Amino acid sequence: GSAKVNNIEIGGRNLFLNSGFTKGVNYWYRHNCSDLQAVADSSALSGYAVKFTSTGGGIYQRKGGASNNPTNYPNGSVMTVSGYVKSSVAGKVLKPNFENAGANTSKNITCTNANTVNTFTHTYTITSHGFITITFYGDSGADYYLKDVILEYGNKASTWTPAPED
């Protein structure tokens, strides 16, 4: 038999640049965090993760890896960000966020146990013309490790692949 599936949009290319952190932290920027670095991680599909110590913030990437003033992602777009996170401290929260994309743009990902990998997926429909930045901000006082992060159009998280430019 066959089944009809409605309202599923399959993602495609990874919109993040250097999401495998094989080029260090190029295209990634920090806000209220320290010790931002790419670290070897044999469990990551690229072989690397990114590490940062939160002082109430974390890392972000603007559209196209721009340092400032990129063009917006299109209003009305359905977008999904996904990946894996672990924290050095139990109970800390990482918030993947579609910054300035509308209301209620972040999702709390609680790292229940220290040094244990958690998967996350956050889908959002852009309702603002000012959306250009995805942030990963965490509770203060912990080291966070992110790997296999992907930003894509659609409402289904795909397995990590690098951007074609990478």
Side-chain angles (χ1 to χ4, degrees), residues 3-23 25-31 33 36 38 41 43-52 54 57-67 70-87 92-112 116-139 144-166:
K4 186 174 178 183
V5 179
N6 294 321
N7 301 319
I8 289 184
E9 297 180 37
I10 302 301
R13 61 153 294 160
N14 192 342
L15 298 166
F16 282 139
L17 297 181
N18 190 34
S19 62
F21 308 102
T22 56
K23 299 173 185 166
V25 294
N26 288 358
Y27 307 114
W28 294 91
Y29 300 89
R30 63 186 183 93
H31 174 74
C33 79
L36 174 59
D41 182 339
S43 71
L45 292 172
S46 69
Y48 291 89
V50 68
K51 172 189 180 271
F52 63 89
S54 177
I59 64 170
Y60 61 91
Q61 187 173 121
R62 293 187 177 108
K63 185 178 179 187
S67 59
T71 58
N72 295 342
Y73 288 104
N75 194 30
S77 298
V78 176
M79 302 186 79
T80 297
V81 61
S82 60
Y84 298 90
V85 61
K86 69 179 178 179
S87 165
K92 294 291 187 176
V93 175
L94 181 82
K95 295 180 179 177
N97 181 34
F98 292 87
E99 188 174 79
N100 299 321
N104 303 312
T105 56
S106 67
K107 181 175 183 178
N108 289 355
I109 309 301
T110 302
C111 298
T112 305
T116 301
V117 174
N118 300 273
T119 185
F120 66 87
T121 300
H122 179 29
T123 299
Y124 193 82
T125 301
I126 309 310
T127 60
S128 164
H129 290 288
F131 171 61
I132 56 173
T133 306
I134 294 280
T135 62
F136 297 97
Y137 292 175
D139 289 342
Y144 291 88
Y145 298 82
L146 286 168
K147 67 178 181 179
D148 302 340
V149 291
I150 184 169
L151 174 65
E152 55 199 320
Y153 288 109
N155 61 8
K156 184 177 186 312
S158 301
T159 300
W160 179 84
T161 53
E165 296 89 335
D166 291 339

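Since the model is a prediction, treat every value here as computed from it, not as a measurement.
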Worksheet item: Just by distance, do the side chain of S77 and the backbone of I126 share a donor-acceptor pair under 3.5 Å?
Response: no

Practice prompt. First locate atom OH of Y124, then atom CE of M79, and finally report the distance between them rounded to the nearest 0.5 Å.
Written response: 12.5 Å

Item to complete: Decide if atom NZ of K95 counts as having more than 12 heavy atoms of other residues, nucleotides or ligands within a radius under 6.0 Å.
Response: no

Discussion item. So V81 and F136, do their side chains get closer than 4.5 Å, heavy atoms only?
Written reply: yes

Practice prompt. Check whether any side-chain N or O of E165 sits under 3.5 Å from a backbone N or O of L17 as a donor-acceptor pair, and report yes or no.
Written response: no

Worksheet item: Between L36 and V50, does a side-chain contact (heavy atoms from CB on, under 4.5 Å) hold up when you go through it step by step?
Response: CA-CA 7 Å; L36 174 59; V50 68; 3.5 Å; yes

Fill in: T80 vs N155, side chain to side chain donor-acceptor pair (under 3.5 Å): CA-CA, chis, key distance, verdict
CA-CA 6 Å; T80 297; N155 61 8; over 6 Å; no

Item to complete: For the pair K63 and L15, evaluate side-chain contact (heavy atoms from CB on, under 4.5 Å) and give the outcome as yes or no after the intermediate values.
Response: CA-CA 8 Å; K63 185 178 179 187; L15 298 166; over 6 Å; no

Item to complete: Could you grab the distance from atom CG of D166 to atom CZ of F21, nearest 0.5 Å is fine?
Response: 10.5 Å

Discussion item. Tell me the closest heavy-atom pair linking S46 and G20, and the distance in Å.
Written reply: OG-O, 2.7 Å

Fill in: F16 and W28 aromatic ring geometry - parallel, tilted or perpendicular at 30°/60° bounds
tilted

Discussion item. Tell me the closest heavy-atom pair linking V149 and S19, and the distance in Å.
Written reply: O-CB, 3.2 Å

Worksheet item: Do other residues, nucleotides or ligands put more than 12 heavy atoms under 6.0 Å from the CZ atom of F120?
Response: yes

Item to complete: Take Q61 and I134, measure what side-chain contact (heavy atoms from CB on, under 4.5 Å) needs, and give me the verdict at the end.
Response: CA-CA 6 Å; Q61 187 173 121; I134 294 280; 5.8 Å; no

Discussion item. Looking at Y27, I'd like to know if its OH atom is crowded, meaning that more than 12 non-hydrogen atoms belonging to other residues, nucleotides or ligands lie closer than 6.0 Å.
Written reply: no

Worksheet item: Given L94 and S87, is the side-chain contact (heavy atoms from CB on, under 4.5 Å) satisfied, shown in steps?
Response: CA-CA 9 Å; L94 181 82; S87 165; over 6 Å; no

Discussion item. Check whether N14 reaches the backbone of T161 with its side chain - one donor and one acceptor, N or O, closer than 3.5 Å.
Written reply: yes

Discussion item. Please report the interatomic distance CG(D148) to OH(Y48), rounded to the nearest 0.5 Å.
Written reply: 14.0 Å

Worksheet entry | Geometric cation-pi criterion K147 and Y84, 6.0 Å radius, 45° cone | yes

Worksheet item: Just by modelled atom types, is the K23 backbone N or O under 3.5 Å from a matching donor or acceptor in the N18 side chain?
Response: yes

Fill in: Considering all heavy atoms, the nearest P74-Y153 contact
CD-OH, 3.4 Å

Discussion item. Nearest 0.5 angstrom please: T133 OG1 to R62 CZ, how far?
Written reply: 5.0 Å

Discussion item. Keeping H122 on the side-chain end and T105 on the backbone end, is there a donor-acceptor pair under 3.5 Å?
Written reply: yes

Worksheet item: Does N100 use its side chain to pair, donor to acceptor, with the backbone of F131 at less than 3.5 Å?
Response: no

Item to complete: Examine K92 relative to Y144 and say whether NZ or CZ is less than 6.0 Å from the centre of the six-membered ring and inside a 45° cone about the ring axis.
Response: no

Item to complete: Measure the CD1-OG1 distance between I59 and T135 for me, rounded to the nearest 0.5 Å.
Response: 9.5 Å

Item to complete: For the pair D139 (side chain) and V93 (backbone), establish whether a donor and an acceptor sit closer than 3.5 Å, ignoring hydrogens and angles.
Response: yes

Practice prompt. Apply ring pair (Phe, Tyr, Trp, His ring centres under 6.0 Å) to H31 and Y60, showing your working.
Written response: CA-CA 8 Å; H31 174 74; Y60 61 91; 7.3 Å; no

Item to complete: Would you name the heavy atoms of F52 and L146 that are closest together and state the gap between them?
Response: CE2-CD1, 4.2 Å

Discussion item. Would the distance check show the side chain of S54 and the main-chain N or O of G138 forming a donor-acceptor pair, the cut-off being under 3.5 Å?
Written reply: yes

Discussion item. On a heavy-atom basis, which atom in C33 and which in G57 lie closest, and how many Å separate them?
Written reply: CB-C, 4.4 Å

Fill in: Nearest heavy atoms of S158 and S82, plus distance in Å
O-OG, 4.3 Å

